[in-house]
Amino acid sequence: MNVIRSTLFALWAALWTLLTAPLVIGGALLLRGRWGYHFGKVWRLGIQWGVEHLLGIRPQVIGLENMPQEPCIILAKHQSAWETMTLQDYVPKGAYCVFVLKKELLRVPFIGWGLGAMKMISIDRSAGKEALDQVVVQGRERLKQGFYVIIFPEGTRVAPGTTKRYKAGGAYLATRVGCKVVPVAHNSGELWPRQAFVKKPGTVTVSIGPAFDATGLSEHEVNQRVENWIEAEMRRLSPHRYPDAAATS
């Protein structure tokens, strides 16, 4: 049954993307302003319809009251493509999000073109410190324009129960612009495994942690605070993935 669900979703996602990509790209390039984001939301909501009704994956959010009412930096766990869509639902009504992503993604047909049209923060990850400066220049501009910035500090999708080194990009941006930071944990990888075609129905729990102001903090302090909260929360959301934690509790 899960294979059938996943096949139907893949077909739906491909069809919906073909139909809406011209709107996203055309809206951004021809109408300018935020039209690309408006049309991008239409694409996202259509894909999420398929996620909920074809795959049977639904969200449950806790800590929504922790999300600031002003633009901030959201540092989140990354386990699947699911959170790239759904996390955008948890910013205040009428607000939009941008992501920090590797510039190679902009070359992906349709989806990449749409991301480029929506002015996501794209960086050359091989550029070292220069890449961090790219994040600050673009990130400061997006925050001033009223966008929430979503960054996955581990830099890539990780399997449930695992952790990669938290990279400096998000913390570097937060300390340079002096804004609030929000850590987010979730267990999407339990239902939408990394690089897996077959997904499973169920509920993904998203936990939004307390926001804190990065003003006056070092990059290390920001990263450590975010990592400590997210990794502790992951052990609460998916205790079966952390036998060491279960044994000491």
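As the structure is a prediction and not an experimental result, all values here were calculated from the model.
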Going through the distances and angles, do Glu219 and Arg176 end up as a side chain to side chain contact (heavy atoms under 4.5 Å, CB included)? CA-CA 9 Å; Glu219 297 158 38; Arg176 295 307 186 279; 3.1 Å; yes
Would Met234 and Arg241 count as a side chain to side chain contact (heavy atoms under 4.5 Å, CB included) if you check the C-alpha gap in whole Å, the side-chain angles of each, and the deciding distance to 0.1 Å? CA-CA 9 Å; Met234 290 306 303; Arg241 298 288 184 176; over 6 Å; no
Does Glu141 form a salt bridge (charged side-chain N to carboxylate O under 4.0 Å, His left out) with Lys144? I'd like the steps, not just the answer. CA-CA 5 Å; Glu141 180 183 0; Lys144 285 182 177 178; over 6 Å; no
Could you walk me through whether Ile62 and Glu233 pass the side chain to side chain contact (heavy atoms under 4.5 Å, CB included) check? CA-CA 12 Å; Ile62 55 179; Glu233 187 67 358; 4.2 Å; yes
Leu15 and Leu19: CA distance, side-chain angles, deciding distance, side chain to side chain contact (heavy atoms under 4.5 Å, CB included) verdict: CA-CA 6 Å; Leu15 176 61; Leu19 290 173; 4.2 Å; yes
Salt bridge (charged side-chain N to carboxylate O under 4.0 Å, His left out) between Arg165 and Glu227: does it pass, once the steps are laid out? CA-CA 9 Å; Arg165 181 178 67 85; Glu227 181 175 0; over 6 Å; no
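Remark: Cys72 SG to Leu143 CG distance equals 8.0 Å, nearest 0.5 Å.
Contact check for Asp133 versus Tyr172: side-chain heavy atoms found under the 4.5 Å cut-off.
There is no side-chain donor-acceptor pair under 3.5 Å between Ser218 and His220.
A donor-acceptor pair under 3.5 Å is absent between the side-chain atoms of Asn2 and the main chain of Lys200, judged by distance alone. Checked by atom type and distance alone, the side chain of Arg157 never pairs as donor or acceptor with a backbone atom of Arg194 at under 3.5 Å. Between the Tyr148 side chain and the Pro68 main chain, a donor and an acceptor come within less than 3.5 Å of each other. Remark: the backbone N or O of Trp16 is not paired with any side-chain donor or acceptor of Trp43 at under 3.5 angstrom. Side-chain atoms of Ser6 come within 3.5 Å of backbone N or O of Lys199 as a donor-acceptor pair. Within the 3.5 Å criterion, the main-chain N or O of Pro153 finds no donor-acceptor partner in the side chain of Lys167. Side chain of Arg235 to main chain of Glu231: a donor-acceptor pair is present (N/O by atom type, distance under 3.5 Å, no hydrogens or angles). Put simply, the side chain of Trp12 gets close to the backbone of Gly46: a donor and an acceptor are under 3.5 Å apart.
Hydrophobic cluster membership differs between Val184 and Val158, with clusters built from Ile, Leu, Val, Met, Phe, Trp and Tyr side chains linked at under 4.5 angstrom. Hydrophobic clustering of Ile, Leu, Val, Met, Phe, Trp and Tyr side chains at less than 4.5 Å, counting indirect connections, unites Ile73 with Leu64. Leu45 and Tyr90 are assigned to two separate hydrophobic clusters, defined by single-linkage of ILVMFWY side chains at heavy-atom distances under 4.5 Å. Val177 and Val137 are not part of a single hydrophobic cluster, where members link through side-chain heavy atoms under 4.5 Å apart. There is a path of hydrophobic side-chain contacts, each under 4.5 Å, that joins Trp49 to Trp82.
For Glu83 and Lys77, the salt-bridge test fails: no basic side-chain N is under 4.0 Å from an acidic carboxylate O.
Figure legend: Lys164 and Tyr166 shown without cation-pi pairing, the cationic atom not lying both under 6.0 angstrom from the six-membered ring centre and within 45 degrees of its axis.
The aromatic rings of Tyr37 and Phe147 sit tilted relative to each other, their planes meeting at an angle between 30° and 60°.
Contact detail for Val3 and Phe197: the closest heavy-atom pair is O-CE2, 4.4 Å.
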